[in-house]
Every structure is written in C-alpha cells, then in structure tokens.
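Written out below as structure tokens is the structure these notes cover.
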Amino acid sequence: MSQPPRSNRGNREKNGERRPPRDNRQSSSDHRRSSPDSSSSRPPYYPRNADPPPNRDTPRVRRDDSKCSNICSRRGIVLICSVLTNGLVLICVVAAQMVMSGLSSMGGMSSFNINSNFNMQGTELEQARQLDMEYSQMRAPGIYGGVAFSLIFGVVSLLFVVAGSKPAYRTSRRLLVGALAFQAGGAVAYVVAVGLYLHFVIQVNSTDVCKRREILYMRSGYTWMNCNVGGADAAVAMFGLITAILYTAGTVITVQTIRGVKRYLQERKSREAEKQQSRASNQKGELMADDVFV
C-alpha cells in the first residue's frame, strides 16, 4: 500500500525556517481585516483643504440673478403689454388719418391714377381735393397729439421694463415709486385722452366741411366716406382703454411690490439685529468664563 506523503516540516527545520505560531497568524489576519482600506464602517478621510462632501438634505438655493426672470415678472409683463398697446394706438391713429384723408390724398401717395379710377371729373374733382385738404388740416391736431402721446408713453414704459432687470429688493426705491406714479398717471391720462380724442373727432365730423364732403362722395357712389366715427378711430379708443386698464393693473402690482420689499428689508434688519445680539451674548459668556478661570 502507498504511504501518505510526508510533510515538509523536517525540510523547513533543516533549512532553519520555522512556521509562525497560530496566534501571530490570527492577529495578522485580524489586522488585515481591520485595516482602513477594507473597512466599511469607518468614514473616509478628507483632507482639510478639500471641499466637504455634498449633503443631500441641503435645499437648493434659488438664483434670482437672471435678467429674463426679473423682466418677466408680473410687473414686467404688464409693462411689456402696455408697450405693445401703445404701439397699436400709434398705428391706429396713423391709419385713421390715412383712411379719412380722402381718395384724392390717397391717390397722390401711390401709383394710383386718380383721373382714371375716380368717378369725379372737372369741377367736382377740384372741389373734392379742396375739401379733403381742409378736412385733413382740421384732423391734423388729433393725429399729431395722438402720435406724440402714444409714442412718449410707449418709450417710457419700455425704459421701465429695461430698468426692471434687477430683483425688486435690489431696485432703487425711487425707481419703484417713479414706476408707480407713471402708471397711475398713465391710467388717468389715457382715459382723459380717449375722451378728448373722440370728442375732437365728433366735433370735426360735425362741421360743414365734412357734410359737404360726404354729399360730394355720395354722389359718386362712395357711401363709406361719411361723417360718422370710423373704425380706425374706434380702434384708437379701444386700445387706449386697454392701455389704461393695463396701467391700472400695473399700479396695483407695483404697490404690492413696494410693500413686499419693505417687509423683506424689515425682516432682514431684524435677523441681522438678532445675529448681532447672539454674538454679543456669546462674547459676554466667554469673557465671564475667562474671569472665572482667572
């Protein structure tokens, strides 16, 4: 029968090698197990200069530095809409003047051949041109005033939109008060301006020049050239009232913004005062502790 192989213990003893005891082997294995590289219970080491690990429970900080988000606030959107309605008022004022100036004036502004497309000839044509010129001169104050009024309010509204690119609490209080006064005055001014414009148009249309002009055009089949308030004039009044409503809404929103900014600044001052008081109390406590130890 085959004998089991002998161990190499004798050979190791001859060569001067000794097997380490079991206690030493067990302690070395335990040391390897407890090394920081293989341990999962011990937290990892971070150097002092490195940034601390991110905390998942920390809420995200909201950034209000975006100019677009500040301009697109409620206050900014109302001002942008008022800029657009001011532009529409300007367009309608010019369109009303062009429509009501008469076919003779329109023919001179384009490649329109008035002699071939007009049903009037001779004396009637010269009379129509004269009446159109007189009527346009009578309506001139309305168009000049309407263009200047809508242009001024549109440009100032656009300036306030650009100035609102900062957060409300960083905006100057004078700017907010100025925007409040401008919108409140704009709402009242637009209502008054619409009333004056319609009164002016009705007064011009009730003159003898407009009546003779209407009769002259009706003979040639142009029944739409009458002395009633035209569609373009009605559009001027409509967009003017919409602009007044927008300025009223902007006034209310600006008042709320000013109150909110005032409340926010007061709360921030109170928090800073509390922090200063807590620091002062901590310093007093440290001084008292030092006195006791001394």
Side-chain angles (χ1 to χ4, degrees), residues 51-52 54-90 146 148-196 237-287:
D51 296 333
N55 189 3
R56 294 181 180 178
D57 298 332
T58 304
R60 294 182 178 179
V61 180
R62 183 180 177 182
R63 297 183 178 180
D64 294 333
D65 296 336
S66 176
K67 292 183 179 181
C68 182
S69 62
N70 295 321
I71 291 176
C72 294
S73 61
R74 293 185 303 167
R75 184 165 49 91
I77 290 173
V78 170
L79 284 172
I80 292 172
C81 292
S82 65
V83 172
L84 296 177
T85 52
N86 276 295
L88 292 173
V89 170
L90 176 62
F149 185 84
S150 58
L151 190 62
I152 290 172
F153 273 88
V155 171
V156 176
S157 300
L158 184 61
L159 291 176
F160 278 112
V161 170
V162 176
S165 59
K166 295 180 181 179
Y169 63 90
R170 292 183 182 177
T171 307
S172 174
R173 185 176 178 83
R174 293 181 180 179
L175 185 62
L176 292 175
V177 174
L180 174 63
F182 169 74
Q183 292 180 98
V188 177
Y190 250 102
V191 173
V192 175
V194 167
L196 290 176
M238 182 184 68
F239 288 119
L241 293 176
I242 292 174
T243 308
I245 293 172
L246 288 173
Y247 280 139
T248 304
T251 302
V252 176
I253 294 173
T254 306
V255 169
Q256 295 177 353
T257 302
I258 292 174
R259 290 180 179 177
V261 169
K262 185 178 180 181
R263 193 182 308 113
Y264 170 77
L265 294 176
Q266 289 178 353
E267 291 178 355
R268 190 172 68 176
K269 286 182 180 179
S270 63
R271 287 196 298 268
E272 290 178 355
E274 290 177 357
K275 288 181 180 180
Q276 291 179 358
Q277 290 179 359
S278 62
R279 290 175 184 175
S281 61
N282 291 333
Q283 289 178 358
K284 286 183 180 180
E286 291 177 358
L287 291 174

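Values below: every heavy atom of this structure, side chains too, minus hydrogens, waters and symmetry copies. Nothing here was measured: the structure is a model prediction, and the numbers come from that model. One is the number of the first residue; the rest follow in order along the sequence.
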Taking side chain to side chain contact (heavy atoms under 4.5 Å, CB included) as the definition, give me every residue that meets it alongside [X], ordered by chain and number, with sequence neighbours left out.
X: Ala163; result: Leu175
X: Leu88; result: Phe239
X: Ala237; result: Val194, Leu198

(request) Mind listing the closest non-hydrogen atom pair of Ser150 and Leu90 along with its distance? (result)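 Between these two residues, the closest heavy atoms are OG-CB, 3.5 Å.
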(request) Kindly give the heavy-atom pair with the smallest separation between Ala244 and Val191, and that separation in Å. (result)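 That would be CB-CG2, 3.8 Å.
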(message) The criterion is side chain to side chain donor-acceptor pair (under 3.5 Å); which residues satisfy it with Thr243, sequence neighbours excluded?
(response)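 Listed in chain order: Thr85.
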(request) Can you sort out the partners of Tyr247 under side chain to side chain donor-acceptor pair (under 3.5 Å), two or more places apart, ordered by chain and number? (result)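 With sequence neighbours excluded, Tyr247 shows a side chain to side chain donor-acceptor pair (under 3.5 Å) to Asn86, Ser157, given in chain and number order.
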Distance (rounded to the nearest 0.5 Å) between [X] [atom1] and [Y] [atom2]:
X: Leu158; Y: Phe153; atom1: CG; atom2: CZ; value: 15.0 Å
X: Phe160; Y: Ser82; atom1: CZ; atom2: OG; value: 10.5 Å
X: Leu176; Y: Arg75; atom1: CG; atom2: CZ; value: 5.5 Å
X: Ile77; Y: Leu246; atom1: CD1; atom2: CG; value: 11.5 Å

(message) Are the side chains of Gln256 and Val252 in contact, using a 4.5 Å heavy-atom criterion?
(response)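 A side-chain contact under 4.5 Å exists here.
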(request) Can you run down the side chain to side chain donor-acceptor pair (under 3.5 Å) pairs that involve residues 178-188, sequence neighbours left out, and say none if there aren't any? (result)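 The answer is Gln183-Thr254.
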(request) Ignoring hydrogens and angles, tell me if any N or O in the side chain of Thr248 forms a donor-acceptor pair with the backbone of Ala187 under 3.5 Å. (result)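 Not a single qualifying donor-acceptor pair exists.
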